[in-house]
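Within every chain, numbering begins at 1; the chains are lettered A, B, ... in the order of the sequence lines, protein sequences first and strands thereafter.
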Amino acid sequence: MPELPEVETVARELRVLILGKTIQDIEVVWYKSFDNQSSIPISGQVIKKVGRKGKYLSLQLTRSALVIHLRMTGQLLYSTHFDYDNTHIRAKIRFNDTTELLFKDTRKFGRIYHVNDAGDILYKIGMDAIDPTLDVDLFKSLVKKSSVNIKSFLLAQNKIAGVGNIYADESLHRAGIHPASLSNKIPDVKLRNLHTHLLDILHTAIENMGSTISDYRDSYGNVGNNQRFFRVYQRTGEACLNCSMPISKVR
DNA sequence: CTTGTTGCCTGTCTGC
DNA sequence: TGCAGACAGGCAACAA
């Protein structure tokens with residue numbers, strides 16, 4: 001499931017692939033996958049900027065914006081030909097040079113929102129996890145304000161955006177913090193550690209083009225490489241790389 | 001305000 | 001081999 005590093009990988013690729021292209025039209029195959037909240041026509045608009053905040057991708061157009069969330073199985077595949085497999089394709093963004101950006105989403109949880117301004121969707125989301133202004137002190141103060149367990153805190157997108165199950169589990173393990181630990185009871189030293197490891201893990205995952213569990217693909221249809229380096233995620237029953245005890249699943 | 005619960009979806013896996 | 005049911009999981013909507 002795409003989290004920050006996977007969405008960042010797609011964003012970087014899309015900057016190369018579709019920036020400056022003019023949209024011919026959008027073909028919506030599954031109506032729920034496309035949520036049109038703007039009356040501004042999409043046809044004829046140019047992709048001015050590709051952004052990302054948390055797990056959301058934003059395409060700034062000439063006069064409006066497309067905000068995209070891939071949820072679990074969403075993919076944005078760039079296509080230059082017409083003989084692709086249409087299975088699970090929920091929408092097609094066609095450009096006037098005959099290339100297309102295909103929104104493939106097996107489980108139909110993902111969404112493309114068309115809005116006047118990307119902020120209409122993104123305002124409710126917290127600070128991006130790799131935003132440089134989210135320094136140790138700010139990170140600590142956010143965690144200390146929360147009474148939920150630390151794993152739930154990391155997953156809460158209105159607090160810090162972009163972290164999902166994979167990178168929450170990996171960073172907590174690396175920092176030596178049990179996921180059920182209460183956020184406001186974790187000592188400063190451990191929080192400092194968590195901040196360092198979270199950033200390191202996210203940046204490393206971006207360098208590795210993200211992690212592919214099952215469905216994640218980049219815009220070229222390629223899998224990521226980062227799943228090879230998991231130390232706890234989906235390693236239930238296997239030996240812990242720190243203490244060699246079998247890893248058990250808690251929820 | 002916070003926290004918890006439910007529904008959205010379909011492919012894959014488990015047990016009979 | 002077939003089939004029912006559990007499971008996976010991010011987030012919106014809703015309830016408390």
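Residues A:Ser38 and A:Asn116 bring a donor and an acceptor atom of their side chains to less than 3.5 Å of each other. Donor-acceptor pairing under 3.5 Å is lacking for the side chains of A:Lys21 and A:Asn96. There is a side-chain donor-acceptor pair under 3.5 Å between A:Asp105 and A:Thr73. At a cut-off of 3.5 Å, with distance as the only test, no side-chain donor of A:Glu100 or A:Tyr78 sits close to an acceptor on the other residue.
Within residues 199-227 of chain A, no residue approaches DNA chain C, by heavy-atom distance under 4.0 Å.
For the side chain to side chain contact (heavy atoms under 4.5 Å, CB included) criterion with A:Ser146, the lone passing option out of A:Val143, A:Val148, A:Asn149 is A:Val148.
At B:dC9, none of the side-chain N or O atoms of A:His88 fall inside 4.0 Å of OP1 or OP2 (strictly under the cut-off). OP1 or OP2 of B:dT10 lies within a sub-4.0 Å distance of a side-chain N or O belonging to A:Lys108.
Among the atoms of the strands shown, none is found under 4.0 Å from any heavy atom of A:Ser152.
For the pair A:His178 (side chain) and A:Ala180 (backbone), a donor-acceptor distance under 3.5 Å is present. With hydrogens and angles disregarded, a donor-acceptor distance shorter than 3.5 Å links the side chain of A:Ser43 to the backbone of A:Gln24. Between the side chain of A:Glu13 and the main chain of A:Val10, no donor-acceptor pair closer than 3.5 Å is present.
Hydrophobic clustering of Ile, Leu, Val, Met, Phe, Trp and Tyr side chains at less than 4.5 Å, counting indirect connections, unites A:Ile18 with A:Ile42.
When rounded to the nearest whole Å, the span between CD of A:Gln234 and C1' of B:dT12 equals 13 Å. Atoms CG (A:Asp169) and C1' (C:dA8) sit 14 Å apart, rounded to a whole Å. Here the C1' atom of nucleotide B:dC9 and the OH atom of A:Tyr31 are 13 Å apart, to the nearest Å. What separates CG of A:Leu182 from P of B:dT3 is a distance of 11 Å, to the nearest Å. Atom pair A:Asp105:CG and B:dT10:C1' shows a separation of 10 Å (rounding to whole Å applied).
Comparing atom distances between the A:Val148 side chain and each of B:dT3, B:dG11, B:dC9 picks out B:dT3 as nearest.
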N/O contacts under 3.5 Å, protein versus nucleotides 10-16 of chain C?
residue: C:dG10; atom: OP1; partner: A:Asn165; partner atom: ND2; Å: 3.3
residue: C:dG10; atom: OP2; partner: A:Asn165; partner atom: ND2; Å: 2.8
residue: C:dG10; atom: N2; partner: A:Arg71; partner atom: NH1; Å: 2.6
residue: C:dG10; atom: N3; partner: A:Arg71; partner atom: NH1; Å: 3.1
residue: C:dC11; atom: OP1; partner: A:His69; partner atom: NE2; Å: 2.7
residue: C:dC11; atom: OP2; partner: A:Lys55; partner atom: NZ; Å: 3.4
residue: C:dA12; atom: OP1; partner: A:Tyr56; partner atom: OH; Å: 2.9

